[in-house]
Each structure stands twice: as C-alpha cells, then as structure tokens.
Amino acid sequence: MPDFAFFNKQIMPLSEAKISIMTHALHYGTACFEGIRGNWNSEEGQMYLFRIKDHYLRLQKSCRILKINLPYSIDKLCQLTVELVERNGYQEDIYVRPVAYKSSQALGVRLHDLEDDFFIFVTPFGPYLDIGKGVRCCVSTWRRIDDNMIPPRAKVTGLYVNSALAKTEAWENGFDEAILLTQEGHVSEGSGENVFLVLQGSLVTPPSSDNILMGITRDTVIKLAKNELGIDTIERSVDRSELYIAEECFLTGTAAHVTPVTEIDRRKVGDGKAGEITKKLQQLYFDVIRGKSSKYLDWCTPAYRSRLVA
Ligand SMILES: Cc1ncc(COP(=O)(O)O)c(C=O)c1O
C-alpha cells in the first residue's frame, strides 16, 4: 500500500484519507480524474512525471464541463503532485490519480449547489497491457457514448461504465481489449486507449468528433511520428472494416503506453506481429517518457530533488 495521499488540503497517511458513503460522486459518478505516469529511470535514480501540466490542463477542462471548482492553479497542482510523489519515494513505475469530485453528502441528481473537493493518490503501476507480444482486440457490442450524452472529452468517472462494460465483455469472450464504435458505426477508441492504424504507410486515427478522449499519449505519438519518422497522422473517421485491412494497429494511453494490436475480431493485423512503425514509435516513446531523450525533456518533470538509489 502507498504511504501518503493528498486529501483535505494536506499530505496525510493514505490509511486516514476516507470519504463518507453519502458522497455525491460515489452515487452519481460526478467526479473528474486524471491518470499521470511516473516513469522510473534507474540509471539516474529519478522519477519522471510525464506531461504533468497537460494532464492538469485536461482536468481543468473536464471540471469546467462538470461544473467542479478546482481549488488550485495548474502550477500548484503540479507542485502538490511532485511533493506527494517525492514523499512516497517509489523506485518503480507509478500511476498518479488526481480526482476532483462533488463531495457534498447529499442526495439528488444534479451538478449545482454542491461542494467540490480534490484528492491525489499514487500507486505502483507496471504495464497495463502486453506491450511486447501485443494484444488481441474485438469490436465491442457496446457503442461509445456520445458527446451529447456524457462528453467523452471529459474524463468523468461515470462515463467509465461504458468502458467497463466493453472491457469485461471483451475479456469474458477471450480478448484482451475492446474497440468501441460510435453510434454511427465509426471506430472511436479502446476502453482506455486511443487507436491508431497504419494504412498504406500513413498513420490514421479517429478525430475528436468521434467521441474519443483527446489522449496525451495520442498527441505524443503524433508529434514523435512527425518529428522523428517524418510520418504525418491523418485524423479522420475510420470505418470498422479498415481495422481488418490495416497493415498495423496500435493502442495509446498513459496506462497502455504504445501497445501493438496483433489481432482484431479473429483476423490477423498484418502478419500478426507488432509492425515496424509501431515498434519504432514504441521505442521512441519509451526513451522520451523515461527522460532519455534530451529533445523532449520539457515533457518530463523530475519528482526527486536528489537521486534515489535502489
Ligand atoms: C477512454 C480513454 N481513451 C484514451 C485514453 C488515453 O489518454 P491518455 O493518453 O491521455 O492517457 C484514456 C486514458 O486515459 C482513456 O481512458
């Protein structure tokens, strides 16, 4: 168990950070969250928090949509997170989970006339999917929720029931991950990842209007593909059948990193192994997130004031 959390405006033992069973967010899914990775660099004895500012900017937007008042500036949120990560002192990859939520102990489905609160916890977190071998996906029978239902661009806890239904259905049917379609039948995203295809040598990924979360890993990969490999990414609606004819496919996310997809609906992607472009992007991405690429060090915030030795 991690030792410390940020709760009630202070860093305290995680074991003392408790909320009431009457908390509004627990009943109605009225909370916004982020997932930020801390990537351990053992040679440097340093923990690099990846694109922390961008995660908090996204949290700010989610909170605007859900009418949650974030009590701190972006800089303060980054500073609190660095402090908490340093207090926990992990020497392995971690996941940071900030949550802004409707904290009133009150019944009634609404967003107005409620108090808001904020907490952060940190937990060790290895790879979420098999980044080496790749994953087998299915197209879910569950459709991606629409912007006019619960806006998927906001990372709202209640929205994740949609993802959980799809993920468990996939898993119970023997797959590793689900890919959801929009109501119109376009490819949207995985249960917790954005989807990329390689089609005739170009990278293709669904646009924000197809009900995706605007992933920070998605943005990272688009920039790395352009800057380092000279490959442009086309953001456009993707048909289901394009999943079956793509040369390569991969998923991106803070948890999933860059995960090759080797099979979709029992059809091999390419030759059924991680593709060449996918492997190159994966390697670039891993160097960048561990602070090993000087060009992209701006994306990495060191959490430890002095080097930690395992
Ligand atoms: C539904 C969904 N899509 C995509 C992503 C990928 O976003 P990011 O790369 O910012 O982690 C996530 C993960 O947060 C997610 O939950």
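Just so you know, ligand 1 is whichever comes first in the structure, and atom 1 is the first atom listed for that ligand. Note that the coordinates shown come from a computational prediction; the quantities given were computed from them, not determined experimentally.
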Pairing of [X] and [Y] as salt bridge, 4.0 angstrom limit:
X	Y	value
Glu34	Arg97	no
Arg87	Asp3	no
Lys76	Glu83	no

Just which atoms of ligand 1 are under 4.0 Å from any heavy atom in [X]?
X	value
Gly253	6 (C), 9 (O), 11 (O)
Tyr160	1 (C), 2 (C), 15 (C), 16 (O)
Arg58	7 (O), 8 (P), 10 (O)
Thr254	8 (P), 9 (O), 10 (O), 11 (O)
Ser191	1 (C)
Gly215	7 (O), 8 (P), 9 (O), 10 (O)

Does the side chain of Glu177 pick up a donor-acceptor pair with the side chain of Ser191 at under 3.5 Å?
yes
Between Phe6 and Phe119 (judged by ring centroids, cut-off 6.0 Å), do the two rings come close enough to count as a pair?
no
Specify side chain, backbone, both or neither for Lys155, according to which of its non-hydrogen atoms lie closer than 4.0 Å to ligand 1.
side chain
What do we get for Pro152 next to ligand 1 when only non-hydrogen atoms under 4.0 Å count, side chain, backbone, both or neither?
neither
When you compare ligand 1 with [X], is there at least one nitrogen or oxygen pair between them that comes in under 3.5 angstrom?
X	value
Ile216	yes
Glu189	yes
Ser163	no
Thr217	yes
Arg218	no

Cation-pi, Tyr244 ring and Arg267 (6.0 angstrom, 45 degrees)
yes
To which protein heavy atom is atom 5 (C) of ligand 1 closest, and what is the distance rounded to 0.1 Å?
Gly192 O, 3.5 Å
Is Trp142 atom CH2 crowded by more than 12 heavy atoms from other residues, nucleotides or ligands, each under 6.0 Å away?
no
Going by side-chain heavy atoms closer than 4.5 Å, which hydrophobic residues are tied to Ile216, directly or by a chain of links?
none
Using the rule side-chain contact (heavy atoms from CB on, under 4.5 Å), only one of Thr252, Leu251, Thr217, Ile179 pairs with Glu193; which is it?
Leu251
